[in-house]
Every structure is written in C-alpha cells, then in structure tokens.
Asker: 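Got a structure here, written out as structure tokens. Questions coming.
Chain identifiers are assigned alphabetically (A, B, ...) following the order of the sequence lines, protein sequences preceding nucleic acid strands; residue numbering begins at 1 within each chain. Every value quoted in this text rests on a predicted model; they were computed, and no experiment measured them.
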Amino acid sequence: MNTHQSEAQCRTPRVRIAPSPTGDPHVGTAYVALFNRTHARQGEGEFILRIDDTDRSRYQESSEGQIFSALNWLGLDWDEGPEGGGPHQPYRQSERLDHYRECVSQLIDSGNAYPCFCTEERISELREKQKAAKERLGYDGACRNIDKAEAQSRIEAGETHVIRLKVPDSGETTFTDALRGEVKVANSEIDDQILIKSDGFPTYHLANVADDIAFGITDVIRAEEWLISTPKHVLIYEALNQPLPRFLHVSLLRNADKSKISKRKNPVSLDWFRQEGFLPEALLNFLALMGWAPDDDEEVFDMDTFQEKFRVEKLSTGAPIFDLTKLDWLNGMHIRRLEIEDLTERLISEGFAPPEASREQITTILPLVTERLTRLNEFSDKTEWFFAEPNPPAIEDLIPKKSDKTTSLQALTAAKDALSSLDDFTPEKIIPALDEVLETGSWKKPFLFMPLRFAVTSRRDSPDLVDVLAILGRETVCARIRKSIELLDS
RNA sequence: GGCCCCAUCGUCUAGUCAGGUCUAGGACAUCAGGUUUUCAUCCUGAGAACAGGGGUUCGAAUCCCCUUGGGGUCACCA
C-alpha cells in the first residue's frame with residue numbers, strides 16, 4: 001500500500017513550510033522551518049516557502065510581509081518562494097486555484113470525490129443530532145450518491161456546493177510517521193473531508209497535497225497537530241495515484257499547563273523576540289534544543305554546527321514546555337560570543353542603542369557590559385551613565401552600610417584630588433592612585449569604592465569601577481564626584 | 001465522548017530502536033561555597049526524575065499488556 005514511501009527518502013530532499021498569513025509571524029513557524037531548512041541543507045536539497053492563504057476570512061494583508069522579514073531576521077531563508085522565484089510559480093495558494101480545480105476534477109472523475117449540496121444549516125443540525133445520540137461526528141454522506149448528471153446540472157444552475165472526499169466505508173488507512181512509526185486509522189473514523197469550499201477555494205487538505213505533489217515535496221515535516229489528518233492526505237495521494245512523501249510530525253510547543261502553545265499564555269510572535277533583544281542565533285539555538293540534543297553535550301552552538309550534527313529522525317516525541325529561562329541564558333552566551341563590532345552593528349540596526357550614541361561610543365562601552373547583558377533591550381538602561389548625565393545618586397547610596405557621611409565625604413574628596421592630578425587617565429594610572437588613597441585613608445575598600453561608584457554611575461550594579469572611570473574621563477569623573485560631595489555636604 | 005499521539009530531575013533533554021557498562025548522564029533554574037570594590041561573568045559543590053501495576057527475562061528506564069495522566073483532533077481554520 002505504501003511502497004512508495006521509502007522511495008521518497010532516496011531523493012534529494014525538497015521540503016517546505018506553509019505558513020498562513022493570518023496574524024503575527026509565529027514562533028512555531030520558525031520552529032518547524034528550522035528543522036525543515038536544516039534537513040534540506042544537509043541533503044543539498046531545497047527549502048520552499050509556500051503561502052497558505054486559502055482562508056479569505058482570516059487573511060491579513062500585512063502578515064505575509066511580516067512572515068518574510070521574521071524568517072529573514074532569523075536567517076531562515078528559502079530557496080523557492082513567492083518573491084524569490086522558483087520553478088513552480090506561483091507559491092501563493094490563492095493564485096493556484098486552477099491547479100486545485102484540475103486536481104479535484106481528476107478526483108471526481110475517478111470517483112474519489114463528489115459535490116455536496118448540503119446547506120450549513122443541515123450540517124449543523126446533523127452535528128447536533130450526532131452529539132445528542134453520542135455518535136461519531138461527521139458528514140453522513142447524504143450527497144454521495146447523487147447522480148452525476150443531476151449533480152452537474154445543479155452545479156450549472158449555480159447551486160451552492162462544496163466538493164468532498166469520498167472516504168471508503170471500510171478498511172483502514174495506514175502510514176508511517178518517521179518519528180512514531182506506523183499509524184493506523186479505521187476509514188470509518190475518517191470524515192468525508194471538504195476539499196473545495198463553497199467559495200471555490202480549496203481547504204488545507206486538498207491544497208497541501210496538491211501542492212506538495214506539484215512541488216515534488218519529499219518530506220512533509222510539520223507540526224503534530226496534523227498527525228491525525230494525515231490519513232485523509234494519504235487517501236488523496238492514493239486517489240491521485242501519487243507516491244507518498246515521508247511524513248514526520250514534530251511535537252507541539254506547549255504552554256506551562258501542557259496545552260498547545262498560545263498567545264494568551266506565551267509570547268509567540270517572532271516580532272516580540274526581536275523587540276525584546278533576543279539574538280536570532282540564540283532563539284534558533286533554543287528552538288533547536290526543544291526536541292533535539294547534541295550527543296556531545298555542547299548546548300551552545302551556531303547554525304553551522306547544528307547543521308553538522310542534527311538528524312531530523314532524532315527529534316524527540318515529548319511535549320516540550322516553552323520556558324524562556326534557558327533562552328535568556330543562551331542569549332547571554334551568544335552575546336558574549338559576538339565580536340564587539342558585530343554587536344555594535346546589531347545594537348544600532350535593531351534600535352537598541354540610544355539615538356544620540358555614536359558608533360564609536362557604543363564600541364567603546366560595549367566590552368564593559370556584555371557579560372551583564374541577557375537581552376539587548378537592557379543596553380540603554382545599563383549604560384545610561386555613559387551616554388547621559390544620570391540622575392544624582394541618593395544620599396544613602398553614597399554612604400555604605402557601617403560607614404558614615406564623614407567617611408564618604410573624605411573618601412570622595414581624596415579620590416577626586418588623586419584622580420584630578422593624574423597626567424594619564426588610564427587604568428594603569430588610576431589603579432595605583434586609588435590604592436594610595438585607600439592606604440592613606442586606611443578605609444575598607446567598599447567605603448571608598450561604593451561612594452565612588454554611585455558618584456559616577458548613580459547605580460550599584462555598574463561595570464568594573466576602574467574601567468568606568470577610565471572611559472568616562474577625568475573631567476566627567478571629577479565633575480560627578482564634586483556633585484556628590486556637594487550633595488553629601490548639603 | 002470517539003479516534004490518534006505521548007509519558008526520565010521544577011524546565012529542556014541523554015539513555016529506549018539493537019535489555020546488562022544506569023547506585024540514570026548533561027544543561028538551565030534553585031541553593032551553598034569560591035573568585036571579587038558592586039552587579040555580572042567564571043569556577044566548585046548540593047538537592048532534584050525513570051507515572052503506577054502486571055508480565056517476558058538470569059537481568060527492564062529500555063520489550064509486551066493494562067491502568068493512570070497529559071496532549072492533539074473531530075470546521076466550508078490552518
């Protein structure tokens with residue numbers, strides 16, 4: 001029955017994702033795209049982007065462009081798609097209506113599909129009855145045996161209708177999922193699926209099979225929510241006398257309560273991750289880890305490494321809860337792996353740098369904060385003292401615990417005097433100068449360094465103090481210390 | 001509810017296909033130390049799991065069955 005399934009595996013992979021332009025670009029799209037694209041690259045095959053826009057009621061015009069740019073942001077570029085060209089144009093399903101019509105007439109001719117004239121009212125009444133009687137929900141086949149000539153004339157008379165798949169009453173449909181093995185469903189459990197809606201547009205089931213055949217798709221790697229409708233697809237392939245692709249259903253990302261990931265319970269828009277300051281490589285790394293693990297325990301990796309090691313067959317079947325904690329850690333790791341110039345560029349182009357900041361300034365300050373950054377959007381806050389005059393520190397912050405006002409005043413004054421007389425304002429000069437201040441005043445280190453830190457940065461969690469001083473420069477440092485002295489004095 | 005899928009630390013997972021090397025490994029998170037003028041980085045350590053019950057076997061996290069739990073799906077949405 002499925003003898004064709006193994007043949008597909010020998011061919012150069014042609015895989016696809018088919019996002020629906022119905023809203024913000026979804027993290028699940030990136031998740032599935034990552035595995036598809038990587039699999040294609042490994043076999044030197046093609047990764048195809050198809051736009052699944054057959055639902056006119058949920059269609060959002062802006063969505064398609066957002067999907068493109070989100071995918072591009074992540075570096076998940078495609079070989080064939082709506083705008084990049086490719087040998088199977090068009091790649092938008094709304095533009096392929098003729099193709100589906102042709103496909104469906106073939107199905108009707110071979111007796112595998114039929115027009116159905118039932119009204120929506122009848123269908124919902126039927127469903128109510130079935131519910132009440134606790135029967136299996138589904139179409140009852142009322143239009144199955146309408147005479148072909150009669151059906152034709154009713155269609156020609158303009159009667160509203162859909163086209164349904166004629167599912168065998170008996171027997172079972174089987175296919176192999178590359179992760180879960182053989183899946184078997186009784187045909188009596190499969191509904192006479194609508195293939196063409198009354199508006200003339202195809203449903204997902206028809207459009208996807210028709211296009212996967214037309215595009216020569218070898219591996220259907222998609223979310224697990226499609227697993228149960230795969231038998232319908234298999235039936236269509238068989239009715240069309242086409243070989244089956246290899247099916248592989250990737251586990252669904254989950255909310256903390258284990259339900260399918262949703263925007264009510266999780267950030268799911270790729271735009272959100274971008275705005276929050278996650279690096280594409282970190283998000284991809286994180287997504288890769290949701291369902292796959294490298295055998296060498298090296299969990300921080302780039303896409304080249306991933307492509308070397310990943311095997312789509314090694315994807316796990318569990319239900320991964322989408323928990324951002326590890327993503328934060330990964331993001332920090334990837335930030336620290338980046339060259340300063342690269343990081344500078346990203347900060348600027350992604351809009352995380354203060355508008356008045358110059359490229360040189362950012363490059364200068366960046367080494368002091370990279371190990372303190374988990375998301376790029378924290379950059380401005382953490383470097384505020386560098387780019388602008390910070391709000392003056394609170395008086396109590398200038399006086400460390402167990403110290404007192406007089407001590408802070410003396411320490412700051414001594415530091416200011418020592419620093420202002422420095423000929424070179426470099427770490428090499430600043431360190432001995434401060435050491436000397438410490439020694440002559442015989443203060444505990446924090447009694448000098450904490451007031452100083454607050455005086456120049458107005459915050460407790462600053463980068464290394466000596467670096468801060470050197471970068472700020474003598475003039476600014478002395479001015480800020482002076483201000484704090486005045487503050488304490490008043 | 002029917003059908004289908006799934007089940008290892010709080011979370012992501014390795015180990016399951018080819019049963020012994022598993023007193024179950026790693027990572028994140030947590031906690032405790034260390035480094036340190038703060039925060040962070042970094043280093044060390046600790047606690048933390050095979051859902052339950054039956055089989056098969058000399059031996060089961062691994063194979064089989066049942067139970068339980070979770071999820072998906074049952075649209076003229078994808």
Side-chain angles (χ1 to χ4, degrees), chain A residues 18-22 52-55 57-58 93 116 118 120 123-124 127 130-131 134-138 160-164 177 179-181 183-186 188-191 193-205 207-208 222-231 249 251-252 254 256-260 286 289-300 313-314 316-330 332-333 336 368-374 382 400 434 438 444-454 457 459-466:
Chain A
S20 208
T22 52
D52 195 340
D53 56 351
T54 54
D55 184 351
S57 60
R58 292 202 308 155
Q93 293 188 319
C116 168
C118 293
E120 292 194 50
I123 298 296
S124 58
R127 193 170 299 138
Q130 288 169 334
K131 264 187 205 165
K134 291 187 176 172
E135 286 169 21
R136 189 184 72 80
L137 270 35
T160 306
H161 66 284
V162 300
I163 307 292
R164 286 183 185 273
D177 179 87
L179 257 25
R180 297 150 221 271
V183 178
K184 210 179 281 185
V185 178
S188 59
E189 294 293 333
I190 306 174
D191 197 16
Q193 179 64 47
I194 290 177
L195 301 177
I196 302 274
K197 303 180 249 184
S198 58
D199 64 2
F201 277 70
T203 57
Y204 170 87
H205 307 282
N208 270 267
R222 68 208 332 175
E224 192 186 357
E225 56 191 326
W226 297 110
L227 186 71
I228 195 60
S229 43
T230 306
H249 292 89
S251 299
L252 252 19
R254 309 302 183 100
D257 63 6
K258 297 265 192 184
S259 59
K260 164 164 123 177
F286 175 65
L289 254 16
M290 298 254 113
W292 178 81
D295 43 24
D296 58 6
D297 289 334
E298 267 310 321
E299 296 194 16
V300 185
E313 299 79 12
K314 297 288 279 180
S316 70
T317 48
I321 291 171
F322 195 68
D323 180 348
L324 265 31
T325 315
K326 200 164 187 171
L327 173 59
D328 273 325
W329 169 72
L330 279 169
M333 296 301 279
R336 271 159 242 134
L368 307 212
V369 293
T370 51
E371 66 194 28
R372 293 167 176 82
L373 246 33
T374 66
K382 289 212 189 301
L434 289 181
L438 213 50
K444 288 181 173 172
K445 284 181 175 183
F447 287 9
L448 167 65
F449 292 123
M450 278 319 283
L452 232 196
R453 182 185 312 284
F454 269 105
T457 68
R459 61 192 297 156
R460 171 169 276 108
D461 60 339
S462 86
D464 182 89
L465 183 57
V466 173

Asker: Considering only atom P, compute the distance from B/rA60 to B/rC3 and round it to an integer number of Å.
Answerer: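 It works out to 33 Å between them.
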
Asker: Checking A/R127 side chain against A/L137 main chain: does a donor-acceptor pair fall under 3.5 Å?
Answerer: no

Asker: When we call it a touch if two heavy atoms are under 4.0 Å apart, what does A/R459 touch: a base, just sugar-phosphate, or nothing?
Answerer: nothing

Asker: If you look at every strand shown and take non-hydrogen atoms under 4.0 Å, does A/K314 touch a base, only sugar-phosphate, or nothing?
Answerer: sugar-phosphate

Asker: Quickly work out the A/L289 CG to B/rC28 P distance and round it to whole Å.
Answerer: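 The answer, rounded to whole Å, is 11 Å.
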
Asker: Among all residues two or more places apart in sequence or in another chain, which pass the ring-ring contact (aromatic ring centres under 6.0 Å, His included) test with A/W226?
Answerer: A/Y204

Asker: Mind checking the P distance from B/rC17 to B/rC63? Whole angstroms is fine.
Answerer: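 Comparing P positions in B/rC17 and B/rC63 gives a spacing of 5 Å.
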
Asker: To the nearest Å, give me how far apart CZ (A/R222) and C1' (B/rC5) are.
Answerer: 14 Å

Asker: What integer number of Å spans the C1' atoms of B/rC28 and B/rA75?
Answerer: 40 Å

Asker: Just checking A/K131: base, sugar-phosphate only, or nothing, at a heavy-atom cut-off of under 4.0 Å?
Answerer: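 Since no nucleic acid heavy atom lies under 4.0 Å of A/K131, the category is nothing.
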
Asker: Taking any heavy-atom pair under 4.0 Å as a contact, classify A/V466: base, sugar-phosphate, or nothing.
Answerer: base

Asker: P atom, B/rA7 versus B/rA14: distance in rounded Å?
Answerer: 10 Å

Asker: Counting only Watson-Crick pairs (N1-N3 plus N6-O4 or O6-N4) and G-U wobbles (N1-O2, O6-N3), all under 3.5 Å, who is the partner of B/rA24?
Answerer: none

Asker: Map A/K134 and A/K258 onto RNA chain B by nearest heavy atom, then report which one ends up closer to the 5' terminus.
Answerer: A/K134

Asker: Roughly, in whole Å, what's the span from CZ in A/R180 to C1' in B/rU73?
Answerer: 13 Å

Asker: So which protein nitrogen or oxygen atoms get under 3.5 Å of nucleotides 75-78 of chain B's nitrogens or oxygens?
Answerer:
| residue | atom | partner | partner atom | Å |
| --- | --- | --- | --- | --- |
| B/rA75 | OP2 | A/R127 | NE | 3.3 |
| B/rC76 | O2 | A/S198 | N | 2.7 |
| B/rC76 | O2 | A/S198 | OG | 2.6 |
| B/rC76 | N3 | A/S198 | OG | 3.1 |
| B/rC77 | OP2 | A/K197 | NZ | 3.0 |
| B/rC77 | O2' | A/D55 | OD2 | 2.6 |
| B/rC77 | O2' | A/R58 | NE | 3.4 |
| B/rC77 | O2' | A/R58 | NH2 | 3.1 |
| B/rC77 | O2 | A/R58 | NH2 | 3.3 |
| B/rA78 | OP1 | A/T54 | OG1 | 3.0 |
| B/rA78 | OP1 | A/K197 | NZ | 2.6 |
| B/rA78 | OP2 | A/Y204 | N | 3.3 |
| B/rA78 | O3' | A/D52 | OD1 | 3.1 |
| B/rA78 | O3' | A/D52 | OD2 | 2.1 |

Asker: Rounded to whole Å, how long is the line connecting atom CG of A/D296 with atom P of B/rU13?
Answerer: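 A/D296 atom CG is separated from B/rU13 atom P by 17 Å.
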
Asker: Mind checking if A/L227 touches a base, just sugar-phosphate, or nothing, with heavy atoms under 4.0 Å?
Answerer: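 Touches sugar-phosphate only.
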
Asker: How far does the C1' atom of B/rA29 sit from the matching atom of B/rA46, given to the nearest Å?
Answerer: 14 Å

Asker: Is A/S259 close enough to B/rG70 that one of its side-chain N or O atoms is under 4.0 Å from OP1 or OP2 there?
Answerer: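 The answer is no; no side-chain N or O of A/S259 sits under 4.0 Å from OP1 or OP2.
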
Asker: List for me each residue that meets side chain to side chain donor-acceptor pair (under 3.5 Å) alongside A/D257, sequence neighbours excluded, and say none if there are none.
Answerer: A/S259, A/K265

Asker: Just compare B/rC12, B/rG2, B/rU37 and give me whichever is closest to any side-chain atom of A/K445.
Answerer: B/rU37

Asker: NA contact type, A/P446, heavy-atom cut-off 4.0 Å: base, sugar-phosphate, or nothing?
Answerer: nothing

Asker: Sequence neighbours left out, what passes side chain to side chain donor-acceptor pair (under 3.5 Å) with A/E298? Give chain and number order.
Answerer: none

Asker: Between A/S462 and A/M290, name the one whose nearest nucleotide on RNA chain B is closer to the 5' end.
Answerer: A/M290

Asker: When you compare the protein's N or O atoms with those of nucleotides 60-63 of chain B, which come within less than 3.5 Å of each other, and at what distance?
Answerer:
none

Asker: Verify side-chain contact (heavy atoms from CB on, under 4.5 Å) between A/E299 and A/M333, making sure each step is shown before the conclusion.
Answerer: CA-CA 11 Å; A/E299 296 194 16; A/M333 296 301 279; over 6 Å; no

Asker: Tell me what A/G291 touches on the nucleic acid: a base, only sugar-phosphate, or nothing, going by heavy atoms under 4.0 Å.
Answerer: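 Sugar-phosphate, backbone atoms only, no base.
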
Asker: Taking atom C1' in both B/rG20 and B/rA61, what distance in whole Å separates the two?
Answerer: 13 Å

Asker: I need the A/D191 CG to A/S229 OG distance, nearest 0.5 Å.
Answerer: 12.0 Å

Asker: What pairs with A/T230 under side chain to side chain donor-acceptor pair (under 3.5 Å), at least two apart in sequence or on another chain?
Answerer: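 A/T230 satisfies side chain to side chain donor-acceptor pair (under 3.5 Å) with A/R222, A/H249 only.
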
Asker: So which nucleotide does B/rU30 pair with, by the Watson-Crick or G-U wobble rule with both distances under 3.5 Å?
Answerer: B/rA46

Asker: Sticking with atom P, work out how far B/rU68 lies from B/rG47, rounded to a whole angstrom.
Answerer: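 B/rU68 and B/rG47 have their P atoms separated by 36 Å.
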
Asker: Which value, in whole Å, describes the distance between the P atoms of nucleotides B/rA51 and B/rU11?
Answerer: 13 Å

Asker: Pick out the pairs of N or O atoms, protein on one side and nucleotides 24-26 of chain B on the other, that lie under 3.5 Å.
Answerer:
| residue | atom | partner | partner atom | Å |
| --- | --- | --- | --- | --- |
| B/rG26 | N2 | A/E299 | OE2 | 3.0 |

Asker: Mind checking if A/T325 touches a base, just sugar-phosphate, or nothing, with heavy atoms under 4.0 Å?
Answerer: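 A/T325: backbone/sugar contact only, no base atoms under 4.0 Å.
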
Asker: Round to a whole Å and report the spacing from CG of A/D461 to P of B/rU37.
Answerer: 17 Å

Asker: Rounding to a whole Å, what distance do you find between A/D257:CG and B/rG71:P?
Answerer: 7 Å

Asker: Can you check the A/L179 CG to B/rA7 P distance for me, whole Å?
Answerer: 10 Å

Asker: Please identify each residue that fulfils side chain to side chain donor-acceptor pair (under 3.5 Å) with A/H205, with sequence neighbours left out.
Answerer: A/H233

Asker: Which residues pass the salt bridge (charged side-chain N to carboxylate O under 4.0 Å, His left out) test with A/K382, not counting sequence neighbours?
Answerer: none

Asker: Can you list everything that forms a salt bridge (charged side-chain N to carboxylate O under 4.0 Å, His left out) with A/K134? Sequence neighbours excluded, please.
Answerer: none

Asker: Identify which nucleotide among B/rU37, B/rC5, B/rG72 has an atom closest to any side-chain atom of A/E224, counting heavy atoms from C-beta outward.
Answerer: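 Nucleotide nearest to A/E224's side chain: B/rC5.
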
Asker: Which protein N or O atoms sit under 3.5 Å from an N or O of nucleotides 46-48 of chain B?
Answerer:
none

Asker: Tabulate atom names and distances for all N/O pairs under 3.5 angstrom spanning the protein and nucleotides 40-45 of chain B.
Answerer:
| residue | atom | partner | partner atom | Å |
| --- | --- | --- | --- | --- |
| B/rA40 | O2' | A/E371 | O | 2.1 |
| B/rA40 | N1 | A/E371 | OE2 | 3.3 |
| B/rA40 | N3 | A/E371 | OE2 | 2.9 |

Asker: In whole angstrom, what separates A/D323's CG from B/rA27's P?
Answerer: 18 Å

Asker: Which atom pair, heavy atoms only, marks the closest approach of A/W329 to A/V300?
Answerer: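 Nearest pair, atom of A/W329 first, then A/V300: CH2-CG2, 3.6 Å.
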
Asker: In Watson-Crick or G-U wobble terms, both distances under 3.5 Å, what is the partner of B/rC74?
Answerer: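 Pairing partner, where one exists within any strand: B/rG1.
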
Asker: Please step through side-chain contact (heavy atoms from CB on, under 4.5 Å) for the pair A/L452 and A/L434, ending with a clear verdict.
Answerer: CA-CA 11 Å; A/L452 232 196; A/L434 289 181; 4.1 Å; yes

